[in-house]
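Below is one structure; the comments refer to it alone.
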Amino acid sequence: MRYSKEVDRKWQKRWKESGLYKFDISNLDKKFYSLEMFSYPSGARLHLGHWFNFAPSDSFARFKSMQGYNVFHPMGFDAFGLPAENYAIKTGIHPEESTLKNIETMKRQLEEMGANYDWNYSVETCMPDYYKWTQWIFLKLFEKGLAYKKEAPVNWCKSCNTVLANEQVVNGECERCGTIVERRKMSQWFFKITDYAEELLEGLKDLDWPESTKKVQANWIGRSEGAEVKFKIEGSKDEYLTAFTTRVDTLNGVTYVVIAPESDITLKLTKPEYLDAVNKYREQTAKASDIERMSTEREKTGVFTGSYVINPINGERVPLWVSDYVIEGYGTGVVMAVPAHDERDYEFAKKYNLKIKEVIKPVDGNAELPYTDYGILINSGEFNGLTSAEAKKKIVEKLSKTNEGKQTVNYRLKDWLVSRQRYWGAPIPIIYCPDCGIVPVPEKDLPVLLPHDVEFRPDGESPLRKSKEFMHCKCPKCNKDAMRESDTLDTFVDSSFYFLRYPDARNSEKIWDKEIVDKIMPVDVYVGGKEHATMHLIYARFMTKALRDMGYVDCDEPFKKMVHQGMILGPDGNKMSKSKGNTVAPDPYVDKYGSDTFRMYIMFGFSFTEGGPWKDEGIQAIVKYLTRVENLADRILNNKYKTKNTIDDEEKELIYVKNRTIKAMEADIDRFQFNTAIARSMEFINEMVKYEQLPIVNEKLLRESFETYITLISPLAPHFSEEIWEQFGHTESVHKELWPKYDEKEIAKYQINLPIQINGKLKTVIKTNREATKEDVKEAIKDVPTIVQALKNFEIKDEIFVPQKIFNIVGKKK
RNA sequence: GCUGAUGUGGCGAAAUUGGUAUACGCACAGCACUCAAAAUGCUGCGGGAAACCAUGUGGGUUCGAGUCCCACCAUCAGCACCA
């Protein structure tokens with residue numbers, strides 16, 4: 001049968017019946033954990049992005065099992081989240097209904113793709129058998145002191161009476177009603193990821209991840225060394241404001257101190273006559289996002305509080321201001337301002353006529369202010385003349401004697417806010433008792449089930465709060481009437497441990513059997529978009545480390561190697577989106593050409609890590625290519641050749657190309673370079689077609705080469721190759737074949753092209769053996785006309801010879 | 001604004017990581033087969049008559065730069081409640 005959708009169906013059915021892709025968990029000596037980020041079942045059907053991620057990754061997993069690994073390749077669904085809830089608000093269809101339906105469709109489509117997942121190891125995060133463990137992890141973190149509650153700002157829409165996700169805030173306004181969004185504080189749960197800041201940063205060093213991703217994570221963690229300095233509040237008995245600075249050498253230049261407007265202390269420190277102005281400013285700040293506030297382009301604004309603080313190094317009295325360029329959550333939320341040596345502070349001081357005191361000057365000459373480099377201290381009393389580096393040490397030494405300062409490390413990383421005032425998520429397993437306070441739900445009572453009949457349209461309260469049945473319960477400690485926590489968990493919590501649950505996904509007794517998980521972890525290759533470089537990937541690393549410290553896993557780092565697939569954009573070069581109307585559905589292509597043609601095309605037409613705008617012109621190339629293979633298969637099967645048994649020059653060439661192809665494809669697939677792997681396979685076919693047109697061929701060699709070729713493309717075109725494999729009389733699946741071995745000797749004995757240059761300009765190319773020496777090469781070129789011509793009246797200064805690479809003659813005309 | 005990328009023929013893209021720039025294809029053109037077309041097979045295909053010139057622009061390092069360094073231009077992604 002010629003390749004078509006029917007061939008896909010035929011083999012999908014057979015694979016299922018024969019249990020070809022059942023994972024053998026009993027033998028993990030040579031395991032390979034190949035993982036893609038599980039998908040969010042937002043729409044009913046797989047989109048192009050799914051194909052671009054999952055199809056090549058499936059080919060990669062197949063390739064690894066051909067190399068003799070026992071490959072663990074699971075797939076699941078990240079099924080909680082905002083879109084399903086919004087969809088429900090719009091259509092009235094319950095999130096559970098739409099989500100489960102989407103999952104069913106996506107599963108079927110993944111099977112139609114030909115993916116070799118073993119669905120016995122899948123997870124669906126919205127099901128109680130999964131979120132029971134999400135809740136269990138929350139309890140464990142709570143026990144360990146890694147989950148805690150504090151006040152934190154949220155986006156609040158006054159008119160809708162609801163909390164908004166950042167995504168729902170458009171230009172500072174609510175996407176639904178256009179009301180200006182405010183920041184409002186609410187009491188919320190956090191995970192203490194900052195306890196792991198140092199280890200998360202250190203651990204990056206040994207990971208086989210793209211450098212750019214490691215950099216982004218390192219910046220996200222944002223380690224900076226500096227000092228904490230305490231400024232005494234004037235008029236108080238023993239109250240201080242603590243500022244973090246990386247430039248404690250400039251401490252004598254502090255002319256004012258700034259605190260974040262949203263801080264609780266702000267109102268406390270504001271003198272009555274300034275209260276009106278400060279309150280107004282706070283209201284204004286509530287409307288700006290953090291990104292806006294941190295922009296250095298933005299005009300600085302602020303107001304005076306009327307209070308003063310004391311600089312501990314020199315006893316100077318400096319004014320206390322409020323400004324939105326200081327953010328409560330970063331550092332200590334207090335900035336010591338040194339306008340002479342910081343651009344933001346300088347701009348601010350100029351605008352509000354604050355003092356500017358120069359305390360650092362360059363080693364030689366004078367500087368224009370603000371001067372932000374290191375230098376020599378001036379106007380700093382006993383520290384004058386010291387370098388910035390020396391001064392940093394001396395100043396901290398002095399401050400620490402009076403307990404007014406110390407050396408410290410600050411991280412940009414903030415604790416992970418996990419509370420969501422939403423319906424479609426895992427309920428936080430906490431009970432509030434009027435007598436006992438915060439009481440965790442006992443483990444035996446898990447899961448805390450998400451009630452089905454809940455009004456989740458926004459009206460000012462967390463949806464769960466409206467379910468009396470859900471909210472009212474007995475305190476597990478004292479059995480008095482109590483109330484449940486009404487918030488649900490961030491979906492990033494669900495996705496921060498799913499890869500640990502996969503290996504033992506059906507365990508109902510415990511989260512997993514440690515012995516199994518320790519054998520399968522870590523993930524050997526993790527494939528997913530680079531948009532997850534910070535949040536998901538850092539949360540998953542944190543969770544693994546926290547679980548390790550609690551003794552549930554051994555591994556320190558969950559993802560040994562990380563690969564990011566690129567993004568397929570719309571044909572217009574923009575990100576695909578329904579609103580732009582530039583989405584492309586894979587289904588019509590798959591229907592028309594079959595899964596393998598489509599898979600091969602997306603692998604061949606794009607660089608896997610780059611992606612790019614969608615184009616389908618090249619799909620014909622793959623149709624033609626596969627037909628060419630089928631035609632050759634037919635001719636070999638019909639065997640009308642005049643045959644011979646000897647190995648002559650032509651046969652040697654074919655053997656060489658075969659070995660070269662195996663080697664190249666192996667290296668390419670290992671690096672996720674599917675486009676070049678397919679290019680090499682095309683060269684191999686071209687060579688075989690050329691060979692078979694000779695008057696007399698070695699039919700046995702041709703047939704063997706062709707069968708080798710089929711095994712080479714079997715991970716890339718799993719149905720197509722299976723069909724031809726069967727035509728060649730094989731009764732076992734081609735997917736049980738091992739990756740062919742190549743013979744390095746056969747490659748090495750083939751001659752190479754060696755470029756000959758004069759002054760770096762290519763003059764000619766000669767054929768030589770690989771072990772040719774400089775003398776051999778000189779001998780070989782001595783009669784080549786272009787060289788002879790170029791070397792006339794030429795004074796040779798140097799000869800650069802790099803074996804197997806280049807011969808370059810350097811000199812000049814006399 | 002901050003952070004991280006990307007830029008190579010008409011087009012999709014390669015370049016063993018500093019060593020023949022444009023592999024493999026698409027599109028196009030020519031030839032063969034055919035009454036004809038399609039399909040298939042073969043050949044050609046950056047510019048230039050040539051010396052040479054070409055990897056976003058301008059400098060630099062090097063025997064040698066698409067690859068390394070500096071500056072600039074353009075485009076894209078992430079920025080903590082989309083996942």
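A, B, ... follow the sequence lines: proteins, then strands. Residue 1 opens every chain.
- Ring centroid separation for the pair A/F348 and A/Y325 comes in under the 6.0 Å cut-off.
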### Summary
Its dot-bracket string being built from Watson-Crick and G-U pairs below 3.5 Å, with | for another strand and [ ] for crossing, RNA chain B has the pattern (((((((..(((......[....))).(((((.......))))).((....))..(((((..]....))))))))))))....
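- Aromatic pair A/W416/A/F138: ring centres not closer than 6.0 Å.
- The aromatic rings of A/F80 and A/W424 sit perpendicular, their planes meeting at an angle over 60°, well past the 30° parallel limit.
- Although no hydrogens or angles enter the test, the distance criterion places a donor-acceptor pair under 3.5 Å between the side chain of A/Q565 and the main chain of A/G529.
- A/Q188 contributes a side-chain N or O that forms a donor-acceptor pair with the base of B/rC81 under 3.5 Å.
- Residue A/W220 has its side chain nearest to B/rC79 when only B/rG19, B/rU40, B/rC79 are considered.
- Aromatic rings from A/W220 and A/F542 are positioned such that their centres are separated by 6.0 Å or more.
- Taking only distance into account, the side chain of A/R422 meets the base of B/rC81 through a donor-acceptor pair shorter than 3.5 Å.
- An OP1 or OP2 oxygen of B/rA83 is reached within less than 4.0 angstrom by a side-chain nitrogen or oxygen of A/T491.
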Look for any protein N or O under 3.5 Å of an N or O in nucleotides 25-29 of chain B and output each such pair with its distance, or none.
unit_1	atom_1	unit_2	atom_2	d
B/rG25	OP1	A/N686	ND2	2.5
B/rC26	OP1	A/K624	NZ	3.3

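- For A/R412, taking side-chain heavy atoms from C-beta onward, the closest of the listed nucleotides B/rA80, B/rC81, B/rC82 is B/rA80.
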### Query
What's the verdict on side chain to side chain donor-acceptor pair (under 3.5 Å) for A/D572 and A/N582, showing C-alpha distance, side-chain angles and the deciding distance?
CA-CA 7 Å; A/D572 58 357; A/N582 62 351; 3.0 Å; yes
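- Taking syn as a glycosidic angle within 90° of 0, B/rG10 does not qualify and is anti.
- Taking the centre and axis of the six-membered ring of A/W51, the NZ or CZ atom of A/R599 falls outside the cone set by 45° and 6.0 Å.
- Base orientation for B/rU34: anti, the chi torsion being more than 90° from 0.
- The base of B/rC81 is paired with the side chain of A/Q421 by a donor and an acceptor separated by under 3.5 Å.
- Side-chain contact check for A/Y148 and A/D415: at least one donor-acceptor pair (N or O, by modelled atom type) lies under 3.5 Å.
- By the salt bridge (Lys or Arg N to Asp or Glu O under 4.0 Å) test, A/K185 is found to be paired with A/D264, A/E328, residues two or more places apart in sequence or in another chain being considered.
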